[in-house]
Amino acid sequence: MNFASGIVHHNIPDKATLYASFMPFLKNGGLFLPGQNQLRMGQEIFLVLTLMNDPERIRVAAKVVWVTPPGAQGNRPAGVGVQFLEADQGQTRAKIENYLAGLLKSDQPTYTL
């Protein structure tokens, strides 16, 4: 991971992890990135995302809007939540929602709620 340049590479290996990471309650959508403690609230990043080993990487500008510190209540993993920026025009959110079709109304716990 290259934090100095504001580029973050993140791989989501399966649907369960994607479901747990997706933050649909954010305008334009977003993702929780476990273990990304080096990022700070308000920081803008360029996220290079690999979903379920798809060879096509998703590149999206995002902003840190959520921080879960180490030792958080409910055994939630430490990390940050990033919101996809307006410039993406909802494309990344739509791709994720397509992957998660049928799971979005699930009551399974996620990394954030």
Side-chain angles (χ1 to χ4, degrees):
M1 279 164 242
N2 184 352
F3 297 108
S5 66
I7 298 172
V8 176
H9 293 266
H10 189 70
N11 178 48
I12 297 181
D14 53 48
K15 273 190 183 181
T17 304
L18 181 59
Y19 173 81
S21 300
F22 187 46
M23 300 173 79
F25 52 85
L26 294 175
K27 182 180 179 187
N28 301 318
L31 286 173
F32 183 77
L33 309 176
Q36 302 299 331
N37 299 339
Q38 300 90 336
L39 301 175
R40 64 189 182 285
M41 187 68 87
Q43 182 177 354
E44 290 190 2
I45 64 166
F46 191 72
L47 181 62
V48 180
L49 184 62
T50 303
L51 295 178
M52 294 170 276
N53 299 315
D54 186 336
E56 180 186 345
R57 297 211 167 44
I58 298 169
R59 293 163 177 83
V60 60
K63 181 178 183 177
V64 177
V65 296
W66 180 291
V67 176
T68 302
Q73 181 178 3
N75 292 324
R76 302 237 186 252
V80 299
V82 297
Q83 179 178 25
F84 306 137
L85 297 182
E86 292 281 339
D88 185 54
Q89 299 179 344
Q91 293 178 11
T92 302
R93 179 189 189 115
K95 285 180 186 178
I96 291 171
E97 287 176 343
N98 188 46
Y99 274 113
L100 294 176
L103 292 176
L104 289 175
K105 303 240 187 277
S106 173
D107 60 354
Q108 291 289 100
T110 67
Y111 290 141
T112 56
L113 297 176

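In this text, all values refer to a predicted model and were calculated from it rather than measured experimentally.
Atom-to-atom distance recorded for Q83:CD and N28:CG is 6.0 Å, nearest 0.5 angstrom. Here L51 contributes atom CG and N98 contributes atom CG; the two are 11.0 Å apart, rounded to the nearest 0.5 Å. To the nearest 0.5 Å, atoms CD (Q89) and CZ (F84) are separated by 14.5 Å.
Between P34 and P77 the shortest heavy-atom distance is CB-CB, 4.5 Å. Pairing each heavy atom of K27 with each of R93, the nearest pair is C-NH1, 4.5 Å. Between I12 and L18, the shortest heavy-atom contact is CG2-N, 3.4 Å. The shortest heavy-atom contact between V64 and V67 is CG1-CG2, 4.2 Å. In plain terms, the two heavy atoms of F32 and M23 that are nearest each other are N-SD, 3.7 Å. In terms of heavy-atom proximity, F46 sits nearest to R59 at CZ-CB, 3.4 Å.
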Before giving the answer on side-chain contact (heavy atoms from CB on, under 4.5 Å), spell out for F22 and E97 the whole-Å C-alpha distance, their side-chain angles and the decisive distance to 0.1 Å. CA-CA 9 Å; F22 187 46; E97 287 176 343; 3.9 Å; yes
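Using a 4.5 Å cut-off on side-chain heavy atoms (C-beta onward), I96 and L31 make contact.
Under a hydrophobic clustering in which Ile, Leu, Val, Met, Phe, Trp and Tyr are joined whenever their side-chain heavy atoms come within less than 4.5 Å, directly or via other members, L85 and L33 fall into different clusters.
Tested against R57, the residues L49, T50, N11, L47 include a single side chain to side chain contact (heavy atoms under 4.5 Å, CB included) partner, T50.
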